[in-house]
Each structure stands twice: as C-alpha cells, then as structure tokens.
Amino acid sequence: MVEELRIKNGVVYDPINGVNGERREICIRDGKIVEDVMNPKVIDAEGKVVMPGGVDVHAHIAGGKVNSGRIFRPEDERRGREPKTKVCRSQSGYSVPNTFTTGYRYAKMGYTFVMEPAMPPLLARHTHEEFIDIPILDKAALPLIDNNWMTFDYVKSGDSEKLAAYIAWMIKATKGYGVKLVNPGGTDAWGWAKNQGLNDESEDWGITPAEIIRALAEANEKFEMPHAIHLHQNNLGHPGNFEMTLETYDVTEGVKASKDRSVTHLTHQQFFSYGGTSWKDFESQAKAIAEYVNKNEHVSIDTGTVILGDTTTMTADGPMEYSLYQITGRKWTNCDVELETGAGITPFLYSGKVGVHSIQWTIGLELMLLVKDPWKVALTTDHPNAGPFIGYPIVISTLMSKKRRDEVLSEIHSAVYDKSELPSIDREYDLNEIAIITRAGTAKILGLQEHGKGHLGVGADGDVAIYDISPEERDAGKIQRAFMNTKYTIKGGQIVVKDGEVVAAPEGRTFLVEPIFEDEEIYKEMLSDLETKFRDYYSVTMRNYPVQDAYTPHPYVIKAPMAK
Amino acid sequence: MTVVTDVVCPLCGSVCDDIEVEVEENKITKVIKGACAVGKSKLQGHERIKSPMIRVNGVLKECSYDEAIKKAAELLAKARRPLLYGWSSTVCEADKVGIALAEEIGGVVDNTASVCHGPSVLAIQDVGIPCCTLGQIKNRADLVIYWGSNPANAHMNHMKRYSYISKGYFLPGGKKDKKLAVVDVRETSTSKMAELFAQIEPGKDFLLFSAVRAVLMGYEDIVPDEVGGIPKEKIVTLANMIKESRFFITFFGMGVTQSRCRQNNIVNAIQTTRAGHLHTKGAIMPMRGHYNVNGFNQVCTWETGYPFAVDFSRGFAWYNPGETASTDLLGRGECDVALIIASDPASHFPADAVKHLARIPVIIIDPYHNPTTEFADIVIPSAICGIEAEGSVYRMDNVPIRVRKVVNTDYMSDEEIVERILEEVRAIKEKEGE
Amino acid sequence: MEGIKVILISGRTIAQGENLENKMSEEYFNAVAICELNEGDMARLGVSADENVKVKTDYGEVVVKAKKAKGYPEGIAFIPMGPWANALVSANTRGAGMPAYKGLDAVITKTDEAVLYITDLFRKYKEEAWKK
Amino acid sequence: MQMIKLMVKDDVMSGVAKIPIEVDSLTPDNLFGKNEAEIKAVKVWWGNRQENTGDLFEVSVDGAAGSADEVKIVFEGDLTRVKHIGDGMKAGEIEAHGDVDMHCGAVMEGGRVTVKGNADCWAGREMRGGELVIEGDAADNLCAMYRGEMTGMTGGKVTVGGNAGECVGQYMAGGEIVIKGNADVLAGYAMRGGRIVIEGDAAIPGADMIKGEIIVKGDVEMLPSFKYIGVETIEAETYDKYIGDYAMGEKKAKGTLYVRKK
C-alpha cells in the first residue's frame, strides 16, 4: 500500500533549499518528499510552522557510559516516570532517561535524527544494542579513535597511510559514522591518573595531542567522509582554557577538506571558552572563540549550552570527570577501556545561585549569538553534560527572546554582568536561524543533507516537524511550549506524534559509513600490526571484536571512497 | 570432525572468548584449549530435558511446545503478582523479551544478581564505581587485591587471562612485575599465592575497609591496634602497597556482598578505592558469577531505568531491592505465579523462599533438569546459549561479546519461547479487552 | 552429644561449579551436601571424615557429611553454595534483596540421621510448605 | 473530628499468596471531604490491579471534619501486607493496629502516624515533617533515603519503642529519631544532619557521617575511623565524645558520636 501525506497551508522553514517562512505544501510518498501526491491523508498546518525533522549533532543517548549513568542514578530514573500505554513502553528518567523515553521525547520535540558522539570501539556492540531500543529516531555513532594504541603507533611513526587504513577498519568494525576524539592523549594518560595538554609529550608514547589531532584530521580527509573529525579537545572545563582552545583550532588549519564542510568539528565549546586563572576569577571568553570561528572556515562548533538544574555529566574525558567529582564529592563512576579510551560519570547541579554556573550558562548562549553565520554553530547541550536534551526548547526560546534572557540574567548570580558579554547582546534568532542550528546546519555539518536529512526538497526523507506556533510569535513561553511538543512529528512519512502525544513508535535506522581504503598491501600490513595488539594486549580476540550485522537491523550505508 | 575457534564460553562472568573445540556429528566432542575445568564441563554438556511437560495430577507429562506455551501464558495473564526470575544464563535478546513480558503482565522481573552482586549494584548507586575493562588491568595493574573472592575456584581463568598471572604491555614480566594481596576469612588456593594475606574475622570487612581508608586519608594515628582480627601493622602495610602501586585493582566476591553489612561493605570498598586514588590510580570490580548476569542488568537498565528487581505493578518501573527482589517476593509469600528461566532458585534461595515455590504455579524454561524442575508445573526445554543459540552477553567488566552458535539443535531458543508466551499473553489480553 | 558453636559461611567450589547443570546427580550431592571443618573442630565434635553432622541455625537445620579441610580457623564451618546450605538461611533480606548467606551463627552436632538426597530434601520442603 | 475505620477484609489475606495492598491514596488529606460511599470508591493498588477500597476493607465513617487535620484514619485487621500507610501525608492522624508493611510514613510532611505494632522496612523514608511513632520494632532502613539519593530524612520526629534494623537514618539531614531499644549496624550511615538517640546498643554507628549527632546509651561496637575527643556531660550523664568519620577525610569529619560511660 502506498502511504501518502500532504501538509498544506503551513509556513515552511527549509534553509537548505532557501525557503524562509513561505507558505508551501509538503508532499510525502513512501517515506520521501515528492512533488505531488494523488490520494493523500491531509494535514492542515494553517498558521503553523513547518520544518524538516530535527537533527542533533551531539547527544549521549546510548552506550556503556550512558547506561552506567542510568545504573547509578535510580533517583534520576524516578523523575519523569510514565506508565506503559498501548503505543509506548514504560518511561523513566530525566537526565538519563531509558531508551524508549529518549525516542519519544526527541520525537515530541520534532527531532528525527541523533548522533551519539562517543562510542568506545570495544563496547560498540552495546551502543548498537541500545540503538535498537530507541524507537522512531534514526541514529549514528562516532567511534573514539584518538587514544588508541594503534593510532599512537602510526602517529609516532608518521605513517599516515596506515593510520587511514586503521580508521577505515575501525569505523567499519564498529559500524560507526566518523572519527571521534576526546582529550587525545589525555584519556590514555588517565590510565596512570594523569592528564595531558595540547603540546605535552606523552611519557609512554612520545607524541603530543596536537600531533594526534593533525594526523587524524589528515587521515579523515583521505576519504570522502561525510563528517569532519569530531573533536572534544584537551583541557575541558578548566578556567583559562580558551587559549589552548584557540591553539587547538590552529592545529588543523591548512588541512584540505575532501568535501564541502569544515575539517574539524569542535564540540560543546562552552566548556572550552573559559577565561580567568581559577574558579575565583572565572570569566567568559566566548567572544574570543566566536571571533575565531567568524574568521576561519576550517572549523564548525556546537555549543553545549547549560540548562540550569540537576543533570548527569559523562564523557570519555576521564580525568575531567574526576576533577569534577572532587569538587562536588558526589558519586563518581570511571571506566577505562583497554588500549582505546575511557569514561567518567558524575552527577552535577548547575545552580543559578552559583557565580561560575551562571557564567557557564551565559557562555553557551554567547557562542550562538556571537558566531555570525548560523551554519557554523549548532545547538546542543552536550546531553546530558550541560543539561538534558529536553532543555532545547528553553534554549530556543532564550535565543529568540532578549526579554527572556534579561529576565534570567536578573534572577541568577550577578557575576554574569561583569564576567560575560551576554547582557549587552541584542541579537534575537529568527525561526530560519533556529531551523539552521537545529536541523539544516547540523545535517550539513554531519554530511547528512545528501542523505535526506535536514531539508524538505524532493527526495529528502519524509521527516517533518509541525509546531503549533505563529511565525510572528515572540513570547518566550509560547515558543518554548511549541518546541517542546509538536502538533505533528512525521518520520519517514508516518505520523509519530500528534498533539504532543506519541501515536506510533516505529523502529529507526542506523546510519553507517564505510570508508574504502584502496591499497591492499598497506591494509594487510595494518591488519598484521592489529593482530599483534589483539594477541598481546586486548582481552578479547580479534575475531570476536567487530560488530556483527545482527546489531544493525535497519542499516543505511554511506560509502566513503578515497578522496580525489 | 571440524575445529571451531574463538568460541565464547557461556559459563562465568569472565566470558573467555578464545576457546577452541572439536565438533563431530553436531556435538562438541572435545575442548582443545582455552576453557577451565568448569567451562569444559559446560561446553561438553549433560543430560537434557527431552520434551516440554505439564504437571497433571502431580506428575509431569510430556506435551508439545504449543501446549506448554499456551498454558504458561494463561497462568501469567491472570496473575496478580507474577515473578519473572533468572535471565542470567541466557542472552540479552531473551532478556529484552522477558522485560517486555513483565511490563505486559504487570509483573516483577528480576535476575540472579539479586542473590549475587545485587548489593554491589546498590553500592554503586550510592557512590559510583571507579572501574575499567579487564585488559586495562592486564596491561597496567601492578597490585591485584582479591577481597572475599577465590578466583582459583570460582573464576579459574581469571588470574591467568586478566590479572595477577597475565603479562601486559607495561608489565611484560607477568607476576614478577606484580603484587597480590588477598583478604578472606579462610585460607584459599588464591591466598596461598599472595604476598599479603589478611585473614579477617567473618562480618568484619566493613571495619577493615574503614581502617584502610583512614590510613590512606592520613589518619593512621586514630586506627586501633587491631581491626577484625588484623593487626594494625598489616593494615598499614596494605595501605602502603596501595600507595606505592602505579595501578591497583580490587576484585571482590560474595565473601563481601553476602556477609554482615552487605551492600555497605561494597560502598566502603569503593570509598577505599577512591581514597587510594588520591595517591595513585585505582579501580575496583565485582567478580560476577553467571556469564550474562551483567547483561541482564545492562538491558534492564536501558529499557526500564533500573538494573534488576523491577516491579511493573503500576505500569511504570518501581525499583526497590529488599521489597521487589525475588527472595523478598518468595520469602514473604507475595507472588502468585513464577516464571523461572535459565536459573535454579530452588538450589540457591533460602528454604522459606523455596517452599513458596511449592505453593504456587511455577513455569520453568531451562535446557537441564535442576531442582527447580521438581517444583515446576510447566517445563519448557530450551537451546543452550553459546552452544546452540547466539546472542549478546556482557562480561563482568561491561564488555559486550556475542556468544556463538556452534552446533544446531531442535530445541527452541529462550528468546523464541518467551516471545511466543508474550504473543499468547497479548492475545489473551486483547480478547479480555473486547 | 553436645554441639559446637561455629560461624557458617558458604561459597563456590570447583566441584560445585562443574556440576551446576548436573544437580540431580550423585556427583553434585557428594560435592555440595558437605560441611568443611578444621581438624580441631572435627575432634571437638568427635566426628571423622564422612560421618554425618547436623547443622542448626535460627532459621533451619540440615544434615550433611563432615569433611576435614585446611585453611579454616577454629570455629568457622563451610558448606558449599547449594540447597543444603540454604536450608539454614533466612529469607528476610533486611532491605537489601540479598539473603545473608555468609556469617551465620550455627550449632553443629554429630548425628546418626542420614543426609537427605536432593529429591528427598525438596519432598520435605513441599510437605512443609503446605503445613504452614 | 472524623474517624474513618478501615479494616482489611479476612479473605483478602487468606490466599496462598499474600499480595500487598498499597494504600498511599488513603491519607487524611485525600479522604477529607469524602463520604463513606466515596471513600469506598477510592482506588488502591492490590498487586497489578487497582481495586475499590470498599472491596478490600470494611469501611466505617464516624463524625465530621472541617479540614484534613481533623481526620483520623484507623487501620485494622491483618496489616502485615499493607504498604505505604501514611505515605506522603501532610495533615491529620493515622493509627495502625498491628504490624504494618513497608514504607509506613514515607515522605510524610505533617500529621501523625502511630503504629501499634512493628513496622517493616523504610518506615519514615525521606520524611520531611510530622510525627511517626512505632510502638514495636522498626525493620531496616528506617528514615533512610531512596536508592541513590543523597538526602534521607530532613525533618519531623520518629520514635521507636523497640529495636531498629540496619541503616537507621541513612543520609539523614534533619529531624530526630529516638530508638528505645537497640539499633543494628550502621545507624546514621552517611548522616548529614539531625539527631539520632539510641537508648540501647549500637553496632558501628556513624560510618561516613559528615555532620549531625548520634547519642548511644548502651554498648557500642566502634568503627576504627573515629577520633576520641574527651568526656562531655549531657543531661547529667557522662559521655565519651568522638568525631568522625575520618575515613571521609578531616575536612568532612564533622559528625559527633556520644557514647554513655559505663
């Protein structure tokens, strides 16, 4: 049976196709956008806002550390619980919701694609198993390849071909999407409870984080990868780290992108835009960061904007989580992953009563307001690190309303007036810009616009969000409510949310990239090096390591040939 | 005869995955290498349950899978407080369906963790856990502490593959480069290998942890001359071994989780690791029993928010071991129907809990006869995961591994059986709803 | 004959593990329906290896075979994890979900009573269940 | 004053399985203003199904109330599987005649609950205010936190006539608990404030405490990580004073443990 849908009378924001708030009709047939339809079900979106399905560039929704976060926070799980319904499984959790809830809540906000940005390769199966249990959404995951001993060996020997062969193998073995870096060098040093700055040479391996970053960026560009390297750089969360941030940006300057996108995507830069020398004289340096992004084309960023309240922080940056736990004295979980990476998790309360937290809150907003080109910046909360993803509607309304910002500024710690630019920024986002930072731009950053995401052109996926709000609406409260619960969310041509309720929960797809490394000789040599690592140092065999096809029941494969 | 390599052992939480077996006429005839004595015994198999059975007038009578499944579904659909227990010696795929079934019937779903490392989970919920994968230990840990755990008997390959006896990148000399300390109430084959053995009085673990912590925190002066039968000198030596190590790991077993103070012994053990971390790098890990006891905890957590002992009576998940764990439901006589899968509560639960199984309808899904079958009203034999059926399992260090199907079978898999029961239950509920 | 007071622990053994899926067997019975004691305690009880003892706690009693073992301090008895040990354990989990399997106060006496085979042990449970 | 009597019907607890009834909906706040028929129609959970109160309890109503404060509920019959008595109540009074099941007085904010018998685990869990009197014994986790929370009881007063189980007042941050008998292991575990008085014996009290006060009048099995400070007189009795828990480090070890001198 042919499923057809016509959305009429809506005000459409489709920035990739240059549609900025125009009354357009959207037709969907067999899950794809088409020119016209014959016998459609009709949705009248009169006076409502229509956008492509949301695309989240960075949210920790699945995998070992997310689940460790759930396991150790039963007190978070009891917030937001809902009984099972005919359509939905039972729901639990606020900052670390169960998998089903994750799918439902994103869908209610009009999102249809989420990137899980940190998959430890050894635990990749776990991430994919959770994906199977996240309904509705399409998903992908970025394997961590920057603290791997194989990577270290090739960076040390300067063997860029073998490094490229290795990342090709790794992305395929983990059914991943691209190259993720988290505290390159530093996470491995955490194996001895140490850490590393950008230009510190590792005692064990004799290389620096800067060398790792540059080498992986170059290796990534040897393929036509849809996405840049995705970098959580060194020194996250420390006062005065903005200088190292700017130095890090320079590391990949001059690397030529194999596709029309940045070379390095720098994630949750709020945590890297800190001035001062300690928590006492802590201040925002968002302006310096934004200025760099404004002037350079090889970087894109997402923000990691803070949502005030309690949340669960989690990252592969083990040493950073340890220092956070030492500040709070709350529970702390750490998991080092042999030869590859690590993870730390600790709960955290961002309180408007605390000066530092209040300044952190301003930084995430400043970055979005000071970066002039919205295509270069994406809205994230680094879920759940700076706050849970269900805080997005709050951020959207705050960006769109200077009035709301002023209200919040007057309620939180007064340090924000001295230590941040936010009070003096007048810019307000319009809906077109919101559409860019939540779907069009994020789809482009991830290279997904070629694969049907982030736009409503003919051939695109039938993923549509209809928000019950007039395009002229300026009231922050109304904006927030509209973006929290859509009037309709349509996923692959199927209505999944209606009037803020989940009405269908189909399974989503997993997007995989397959880099194709051509030189068989070099590939074989790399495999032989890898076999040695497995035989001597891993605790599993090489044959039991790659993720089997059973873990991606609905794969969407993107081939990445060698760059020309 | 064919040789199959990289076989994954479906026995204990070590999940050795480098096993080689010989297969002849659809049977594992020989274990060539990799498995310990206990693993070998599992891989080579025992006498199986031949057919599904239903108890009629006190006697189990053979029947078809369809009949057994239908009857099981009827019992579960009408139950007011059903318990679905076991889930540790099967794969995650079966666990998922089991959780869906529990949700559908408003039951309590629980796995063997509640009588094993459940207290460890409760402790993690209090203070978290600094942990790592086993390869990290193999490559870096120069101090290995086994506390209330005897791997030489319970996890026989553990020291050789992952800890004291293994060689690693930074410890190429193997045990020559490492130290071993053991704390236990009795001498064991593991304690005999140790450089430091502290023979503690039963039930005094909590006190000893507090003492070691106090020393690690710098307050040696307030610690009394003897704690739990251990002289202060030895306590200080142990603390110094921790301080002087580059990377220490504490493995703890049920010697700690099942004695006085239970979960709070583990809280204190974790706090001790955190105190050690002020001086060096440290990690701590429970020695998990069944090969997939952890897998159920993982699946249950991502699907419900909680790792075990989840009560769906009110439609949402309520978690409270001590109230919603299997021993609680059976020991207090609360539950009115029990589905037991891949486990044997009759052998491992206290007598009063076992006696309740005699009073209520019991459905058991298992490859083998075991004492719980004695209490069962419906017996459904299943394929053996890791030998006859494949799927995900989670090692004690949270590493997911896919167990293999090595030989074919006519038995239905756990996943299929539970799925069929769920379908029948849904059909019954739909009918009722009409 | 007067008994001795001990602290009772239970746990895994190799033989118990090997017969985990073979519990209705003679091997499992021999591996698990036993109580390990040190030499001094055996002497105090006046039993030699393979003679039967009755172990009693506040929650139940069970007859098992005595075995001499090394490594135990005086006053500590060990019964491998299994149905015979569990006859002595309370089902009250004290708000933890986990029964206290280890560290039970117990009294051991020499006995002429036979060790119940697994099916007999459970037949007894079934009878008791309905008496309640 | 209004008196509502709720007597568990005999047949409810006579089956092979004793399935708990959860009565958090039967508080003075919730029943105030309802007549007998309306009370009988209030839903309570019995296993996985909701039932009418009138189907599980004999209900009688006597007198009238002007507010929830004037409502008194009396539970009678076999209460050993009646959970959540007084859970979340804010006003009025509840009296339970017999041993009650778990979570009695949990999260209560005001009013008074009296148990004329023993209370099972988690009585007074996360209590905020009001008064809870257990005339018999209290089982484990009295006035403790919910799993994973770092805050247990924050206010109110609890008195136990008999003994108390493990972990009395775990993560307690305020309020007062008085145990007339003994307390099992780990009373005041991870305590952050408030006061626990144990008139009998206590085993390893005060572990990981960082604030608050524990007073023990009987024998104490001490932790090895408390520091002896000296002798102090409280209400004309002499006590040994300890500070701890030093296992948490000196900066945090601000809890006080008093042990009466023999």
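Computed over heavy atoms, backbone and side chain alike; hydrogens, waters and symmetry mates excluded. Remember, it's a predicted structure, so these values are computed and weren't measured experimentally. Every chain is numbered from 1 and lettered A, B, ... according to where its sequence line falls, protein lines coming before strand lines.
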*Asks:* B:Thr133 versus A:Asp336: any side-chain heavy-atom pair under 4.5 Å?
*Replies:* no
*Asks:* Given the options B:Cys16, B:Pro130, B:Cys92, B:Ala123, which has more heavy-atom pairs under 4.5 Å with chain A than any of the others?
*Replies:* B:Pro130
*Asks:* Which one of B:Arg246, B:Arg314, B:Lys96, B:Lys167 has the most heavy-atom pairs closer than 4.5 Å to chain A?
*Replies:* B:Arg246
*Asks:* Check whether B:Asp17 reaches the backbone of A:Thr541 with its side chain - one donor and one acceptor, N or O, closer than 3.5 Å.
*Replies:* yes
*Asks:* Do B:Thr5 and A:Arg543 pair up side chain to side chain, a donor and an acceptor below 3.5 Å, judged on atom types alone?
*Replies:* yes
*Asks:* Using atom types as modelled and distance alone, determine if a side-chain donor or acceptor of A:Asn544 lies under 3.5 Å from a backbone N or O of B:Ile401.
*Replies:* no
*Asks:* Where on B:Ile99 is there a heavy atom nearer than 4.5 Å to chain A: the side chain, the backbone, both, or neither?
*Replies:* both
*Asks:* Count the heavy atoms belonging to other residues, nucleotides or ligands that lie under 6.0 Å from NZ of A:Lys533, then report whether that count exceeds 12.
*Replies:* yes
*Asks:* Mind checking whether B:His277 and A:Asn334 have side chains closer than 4.5 Å, heavy atoms only?
*Replies:* no
*Asks:* Where on A:Tyr537 is there a heavy atom nearer than 4.5 Å to chain B: the side chain, the backbone, both, or neither?
*Replies:* both
*Asks:* Write down the atom of B:Phe312, the atom of A:Ser90, and the distance for their closest heavy-atom approach.
*Replies:* CE2-OG, 3.3 Å
*Asks:* Pick one of side chain, backbone, both or neither for B:Tyr319, based on which atoms fall under 4.5 Å of a heavy atom in chain A.
*Replies:* side chain
*Asks:* I need the A:Arg78 CZ to B:Tyr306 OH distance, nearest 0.5 Å.
*Replies:* 8.0 Å
*Asks:* Are the side chains of A:Lys84 and B:Glu104 in contact, using a 4.5 Å heavy-atom criterion?
*Replies:* yes
*Asks:* Does any part of the side chain of A:Glu129, heavy atoms only, come nearer than 4.5 Å to the side chain of B:Glu93, both counted from C-beta?
*Replies:* yes
*Asks:* What's the spacing between B:Cys300 SG and A:Arg70 CZ if we round to 0.5 Å?
*Replies:* 11.5 Å
*Asks:* Under 4.5 Å heavy-atom distance to chain A, tell me which part of B:Leu122 shows up: side chain, backbone, both or neither.
*Replies:* neither
*Asks:* Any chance you could measure A:Tyr322, atom OH, to B:Lys281, atom NZ, to the nearest 0.5 Å?
*Replies:* 9.5 Å
*Asks:* Inspect the surroundings of NZ in A:Lys172 and state if more than 12 heavy atoms from other residues, nucleotides or ligands are less than 6.0 Å away.
*Replies:* yes
*Asks:* I need the residue from B:Gln298, B:Glu390, B:Arg161 with the largest number of non-hydrogen atom pairs under 4.5 Å to chain A.
*Replies:* B:Gln298
*Asks:* Answer with side chain, backbone, both or neither: which region of A:Tyr545 has an atom nearer than 4.5 Å to a non-hydrogen atom of chain B?
*Replies:* neither
*Asks:* What part of B:Ala100 gets within 4.5 angstrom of chain A, counting heavy atoms only: side chain, backbone, both, or neither?
*Replies:* both
*Asks:* Give the member of A:Asp204, A:Leu122, A:Leu123, A:Asp133 that has the highest number of heavy-atom pairs under 4.5 Å with chain B.
*Replies:* A:Asp133
*Asks:* Does some side-chain heavy atom of A:Trp149 sit less than 4.5 Å from a side-chain heavy atom of B:Asn139?
*Replies:* yes
*Asks:* Check each atom of A:Asn67 against the heavy atoms of chain B and say whether the ones under 4.5 Å are side chain, backbone, both or neither.
*Replies:* both
*Asks:* Measuring from atom CZ of B:Arg140 to atom CD of A:Glu338, what distance do you get when rounded to the nearest 0.5 angstrom?
*Replies:* 11.0 Å
*Asks:* What part of A:Ala550 lies closer than 4.5 angstrom to a heavy atom of chain B: side chain, backbone, both or neither?
*Replies:* side chain
*Asks:* Is chain A contacted by the side chain of B:Thr304, its backbone, both, or neither, given a heavy-atom distance below 4.5 Å?
*Replies:* backbone
*Asks:* With only heavy atoms counted, which part of B:Val15 is less than 4.5 Å from chain A, the side chain, the backbone, both or neither?
*Replies:* neither
*Asks:* Would you compute the distance between atom CZ of A:Phe72 and atom CG of B:Asp126 and round it to the nearest 0.5 angstrom?
*Replies:* 11.5 Å
*Asks:* So which part of A:Glu82 gets closer than 4.5 Å to some heavy atom of chain B, the side chain, the backbone, both or neither?
*Replies:* backbone
